[in-house]
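Everything on this sheet refers to the single structure shown next.
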Amino acid sequence: MSKLKKANILLPVIAAFLLWIKTYIVYKTSFSITIENFMQEIILLINPISFLLFIFGLSLFFKTEKGKSRYIVLTSLILSFILYANVAFYRFFTDFLTLPVLFQTNNFADLGDSAATEIHWYDFLYFLDVAIVYYLTRYYRKYAEFTPVKKSSRRAYFLISAAVLFLNIGLAEAERPQLLTRTFDREMLVKNLGTYNYHLYDIFLQSKSSAQRAMADGSQLVDIENHVNAKYVKPDPEMFGIAEDRNLIVISLESLQNFVINQEMNGEMVTPFLNELMEDSYYFDQFYHQTGQGKTSDSEFLLENSLYPLGRGAVFFTHSGNKLNSLAGKLGDKGYYTSTMHANNKSFWNRDIMYESIGYDYFYSAQDYDITPDNSVGWGMKDIPFFEQSVDLMSTMEQPFYTKMITLTNHHPFKLDEEDKFIDEYDSKSGTLNRYFQTVRYMDEALRHFFQQLKEEGLYENSIIVMYGDHYGISENHNEAMEQYLGKEVTPYVSAQLQQVPLYIHIPGVTDQGKGKTISKIGGQIDLKPTLLHLMGIHSKNDIAFGSDLLSPDHRDFIVFRDGSFITSEYVYTRNTCYSKETEEPVEETFCEPYKEKASKDLGYSDSIINGDLLRFYEDDY
Ligand code: GP9
Ligand code: MN
C-alpha cells in the first residue's frame, strides 16, 4: 500500500470534521435551541468550525508524529467531555455550563441522585468520534507519510479558520446585534458563537470580574444610589412594625411553583393545607422567583440582600467574601438571634462560607440534626422530621429570633418512601412531573405539622411566618407533560408565567381567622427584604435595595428575571418577544421598549455592586 501524503493536514481536519458534525447533532438532539429562521440554522451549523479548526490546527506545530497524534486524541477527548458535561447539565438545568458552576465541585459530590438520573448507559455514544480519531491516528502512523508542514500551508490553514470565524461573527451580528454586550442569555451565545467559543468567552468574563473588584472604588455608588432611591416606596403606616419584636420564621419551599396551588391533580387537591392557609395569610398570586444558576442559594441571596444573583454561576460561590448589608444583619443589630436551618451538608452551595458574610449567628446544618436512613429520602432528611427537630431547636433559641428554614424533600428527582405518598402519581410521560405532585403534597403535609407544632410549643402567637417557593421544579424539558396537565400549549409566554412561585405572609392575630387576602401585585424575591424590614419595624429608606415593599400602596408592578425577561401589569417580555397579557400573544416590541432599559439598568447596577464588592464603600446611616 502506497503511503498517503499530506497526512499532516488531513488528520486535524478529520478530527475537527468529526467533532463538528457531532456537535451539530448534539445541538439538535440534546439541547432545545430555538431556531426561528434559515439563517439561524446556518449559523448554528457553522458555529463550531472556526474553533475546532484552530484548536486541532495547533497540532501542525508539533515536531514529532507521536506528539501530534497524542495532542489530537487528547484534544478530541477533552472537547467531547466538555460537550457531554453540557449535555448532562442541560438535562436537568436547561442551561449551559459556566466556569464558576464547573468549579463548584463540592456541589457535584452531593448532586449524586440527581446527576445519576441524568446519565444514561447509551451516553458512551457521545464519545464515539474520539474512538474513531484514536483509531485513525494509529492507522495513519502506519500508512501515512509525514512531511513537515510548509509554513505557507500552515498559514493558509489558519487563514481559513479565521475566515470562518469572521463569517460566523458577521452573520451572528447581523442576526442578533449587540450579542456580546447583552449577555444575559446563554442560549443566544451558544446559538450564535457555538459552544466552544462560548466557553472561551465565559473564561474571558470570569477574568474580567476578578479584575473588576480590584479596580472598583466607591464613586460608582453615586449613580447606583440615585437609581435605587427612585425605587424606594414608603411603607403602609398600618403595616409598618406590625410584627415588631416577634420571631420571624422564613421558609424557603423547595421547588414549589405556583401552578399547583389551589389546583387538583386527577381529582385530588395537591396542596390542601396551603389552600386553607390562603384565607389566613396574605397570599401573593403574582410573585416570581428571580434565580439564576445558583438556584436555592440565589433565592437566599435575593431574600437577604434585595440584590439580583449573577447571570453566571452562583454568587454564593463566586463572591462569598463580599461585604453585604443583609436582612439577618439588620435584625441582628436590633437584638435578634439569627440563624438558618437546613438539614444538609453545610458546604452545599458554599453556604458555610457565604453565611458568614450574610452574618447569621448560627447555621443549623446536617450536623445539628439527627439524620438516619429511616428519616431520609432522596437528597437527605425528610421535611416532616426536619420540621419536628427544628421546632425542638427553636424552643431553645433566645427570643426574639429570626430563622430561615430550607426544605429539601420536594427536590428533583422527587422521590418518596411509600408511606409518604398521600396521593397518586400523575400519568404523563414525564416521571419527573408525575412524582412532583406527590412530593409537593408531602411538603404541604409537613407544613401542616409544622404549624401545629409551633402552636404546641407556644411559639406560634409570637411569630410571623413567611413562606416562598425558591425556584421552578419542572424545567422546560417537561413541556409536553406540562401541556397535558395545563391543557394548553407552553409558549414562551406561559413559560415565563410558570416562574411564579407562591408567597405567604402569615401573621397570627393579624391575618389569621379568615382575615387574610390574596394580593395580586406583581412582585418577586427581590421585594422580600424591604417588605419584611417594614413589617419588623425597620426603616429601609437608605438601604441599597432593588426591590420594594410589596405591602406598600405605592408598590410598582414590575419585575425583572435574571435572564433579562420582565413582567409588567400589561406585558411579558421574554425570549426577545413582547407579549400582551390580555391576549397572551406577541405584540409590537415598542410596547415593551420603555421597560427594557429599566430592566437592564437594574441588573447591570446590581452586578456592579457584586462584582466590585461595592458595599464595602457604603455606610448605612439610617
Ligand atoms: C441543597 C438544596 C437544594 O442544600 O438547597 O439546592 P438546589 O439544587 O435546589 O439549588
Ligand atoms: Mn432549591
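One-based numbering, in listed order, for ligands and for the atoms of each.
Taking the six-membered ring for Trp and thresholds of 30 and 60 degrees, H411 and W379 have ring planes inclined between 30 and 60 degrees apart.
In this structure, K330 is not positioned above the aromatic face of Y402 in the sense of NZ or CZ being under 6.0 Å from the six-membered ring centre and within 45° of the axis.
When each atom of ligand 1 is checked for a heavy atom of H342 under 4.0 Å away, the hits are 1 (C), 2 (C), 4 (O), 5 (O). Near N344, meaning under 4.0 Å from any of its heavy atoms, are these atoms of ligand 1: 1 (C), 4 (O). With ligand atoms numbered from 1 in the order given, ligand 1 contributes 2 (C) to contacts under 4.0 Å with heavy atoms of L408. For ligand 1, the atoms sitting less than 4.0 Å from at least one non-hydrogen atom of H471 are 9 (O), numbered in the order shown with element in parentheses.
Using 4.0 Å as the threshold, E254 has a heavy atom nearer than that to some atom of ligand 1.
Remark: Y493 pairs with Y579 by the ring pair (Phe, Tyr, Trp, His ring centres under 6.0 Å) rule, at least two apart or across chains.
In K421, the NZ atom is crowded: over 12 heavy atoms of neighbouring residues, nucleotides or ligands sit closer than 6.0 Å.
No side-chain N or O of E254 forms a donor-acceptor pair with one of N410 less than 3.5 Å apart.
Ion pair D527/K231 not flagged as a salt bridge, since none of the NZ, NE, NH1 or NH2 atoms sits closer than 4.0 Å to an Asp/Glu carboxylate oxygen.
Neither the backbone nor the side chain of H412 comes within 4.0 Å of ligand 1, counting heavy atoms alone. When heavy-atom distances to ligand 1 are checked against a 4.0 Å cut-off, T296 comes that close through both its backbone and its side chain.
Only protein atoms were considered; those of element N, O or S under 2.8 Å from the Mn ion (ligand 2) number 5.
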